[in-house]
Protein chains: 2
Amino acid sequence: MIELDTTDRLILRALAQNATQSASALGRKLNLSQPATWRRIKRLREIGVIAGQKLDLDKEKLGFGVTVFLGVKLATKGRVSLEDFERAVSAIPEVQTVEHILGLYDYRLRVVARDISDFERVLRRRIMTLPGVGDVEANVLLSEERRPGPIG
Amino acid sequence: MIELDTTDRLILRALAQNATQSASALGRKLNLSQPATWRRIKRLREIGVIAGQKLDLDKEKLGFGVTVFLGVKLATKGRVSLEDFERAVSAIPEVQTVEHILGLYDYRLRVVARDISDFERVLRRRIMTLPGVGDVEANVLLSEERRPGPIG
DNA sequence: TTTGAAAAGGTGCTCAA
DNA sequence: TTGAGCACCTTTTCAAA
């Protein structure tokens with residue numbers, strides 16, 4: 001467990017909103033000198049609290065207007081079949097997220113497609129042919145709100 | 001719908017892998033001059049294909065080791081109750097994502113907590129008291145893999 | 001231990017040709 | 001596209017709180 005003081009949390013909160021701002025700009029907001037701010041950010045990276053930085057793309061503008069969540073139940077669940085499934089599903093470009101979960105379904109997949117008929121193609125030719133697939137449930141995404149989540 | 005050429009797609013793919021690389025470094029990889037690369041990136045930002053850049057934080061190192069997906073079915077689903085629910089759920093800091101979906105459940109929430117007993121607190125005092133909540137299903141996240149998804 | 005001031009070095013952005 | 005100029009950002013040093 002890692003100890004972060006109030007300033008660290010303020011830095012994380014600010015960077016969570018805008019990851020592109022520089023140490024000097026951030027320091028001005030927090031009344032902290034530029035090197036002090038920079039050192040704290042560097043430390044947060046080193047201890048791994050800041051794991052990375054990701055581009056966030058507008059999938060609709062890229063022509064992928066349909067997002068569907070699939071709940072997948074495996075027919076057989078040995079260690080091997082989990083690994084087989086994960087390896088195979090990782091090769092499908094339309095799958096954005098693979099979540100191994102505990103519950104009625106074994107996996108939840110976030111799948112993007114150009115439209116519904118494109119999704120049907122992915123579902124029939126890619127998903128239903130995955131090794132060990134049993135039940136599949138689909139939920140179409142209508143709208144989504146992402147929030148920073150708690151920090152400390 | 002926006003038209004992107006091959007070079008744009010290569011830029012997006014490269015930036016999706018490493019969002020911190022500069023226009024000059026990227027240009028070298030693609031055999032493109034630095035200003036040309038920079039102009040393309042700028043354009044991709046302007047037309048909104050690149051929506052932003054997000055920090056990705058290690059929630060476990062921040063002390064939030066438990067992630068749970070909640071399927072929530074509303075008891076009453078008028079326009080007002082959807083808005084009431086969304087407004088109320090947005091005020092819970094532990095909720096990272098609110099997804100309005102079509103299917104057995106009306107919403108999917110991504111909730112983080114320090115541990116299972118902390119999650120129970122959030123569930124009982126925050127989630128179950130939300131306006132209009134009917135059935136709730138919970139799935140604990142075991143592991144997760146995120147992928148860039150298709151580009152063009 | 002962590003800060004702030006100052007400065008060096010490097011890099012990226014911008015513009016003109 | 002190239003190259004030069006300029007600005008800013010990163011990184012280090014050092015003294016002080």
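Per chain, numbering begins at 1; letters A, B, ... match sequence-line order. Since we're looking at a predicted model, the values are computed, not measured.
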Are B:Glu94 and B:Arg121 close enough that some pair of their side-chain heavy atoms sits under 4.5 Å apart?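 B:Glu94 vs B:Arg121: side chains touch.
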Please tell me if the side chains of B:Tyr107 and B:Glu99 come closer than 4.5 Å, counting only heavy atoms from C-beta onward. no
Between [atom2] on [N] and [atom1] on [X], what's the gap in Å once rounded to a whole number?
| X | N | atom1 | atom2 | answer |
| --- | --- | --- | --- | --- |
| A:Leu30 | C:dT3 | CG | C1' | 14 Å |
| A:Leu26 | D:dC9 | CG | P | 12 Å |
| A:Arg43 | D:dT11 | CZ | P | 17 Å |
| A:Arg28 | C:dG4 | CZ | P | 14 Å |

Using a cut-off of less than 4.0 Å, is there contact between a side-chain N or O of [X] and OP1 or OP2 of [N]?
| X | N | value |
| --- | --- | --- |
| A:Trp38 | D:dT11 | yes |
| B:Ser22 | C:dT11 | no |
| B:Gln34 | C:dC13 | yes |
| A:Arg40 | C:dT2 | no |

Name the residue closer to the 5' end of DNA chain C, choosing between B:Ser24 and A:Ala36 according to the nucleotide with the nearest heavy atom.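 Upstream on the strand: A:Ala36.
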Just compare [options] and give me whichever is closest to any side-chain atom of [X].
| X | options | value |
| --- | --- | --- |
| A:Leu32 | C:dC13, D:dC9, C:dG4 | C:dG4 |
| A:Ser33 | D:dC9, C:dT3, C:dG4 | C:dG4 |
| B:Pro35 | C:dT3, C:dA6, C:dC15 | C:dC15 |
| A:Lys42 | D:dT12, C:dC13, C:dT2 | D:dT12 |

Is the positively charged end of B:Arg114 above the ring of B:Phe64, judged by distance under 6.0 angstrom from the centroid and angle within 45° of the axis? yes
Less than 4.0 angstrom from a charged side-chain N to a carboxylate O is my criterion; do A:Glu120 and A:Arg125 meet it?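 A:Arg125 and A:Glu120: not salt-bridged.
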Please determine whether a side-chain nitrogen of the Lys or Arg among B:Arg13 and B:Asp8 lies less than 4.0 Å from a carboxylate oxygen of the Asp or Glu.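 Salt bridge: no.
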On DNA chain D, does the nearest nucleotide to B:Arg39 precede the nearest nucleotide to A:Gln21 from the 5' side, or the other way round? Give the residue.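 That would be B:Arg39.
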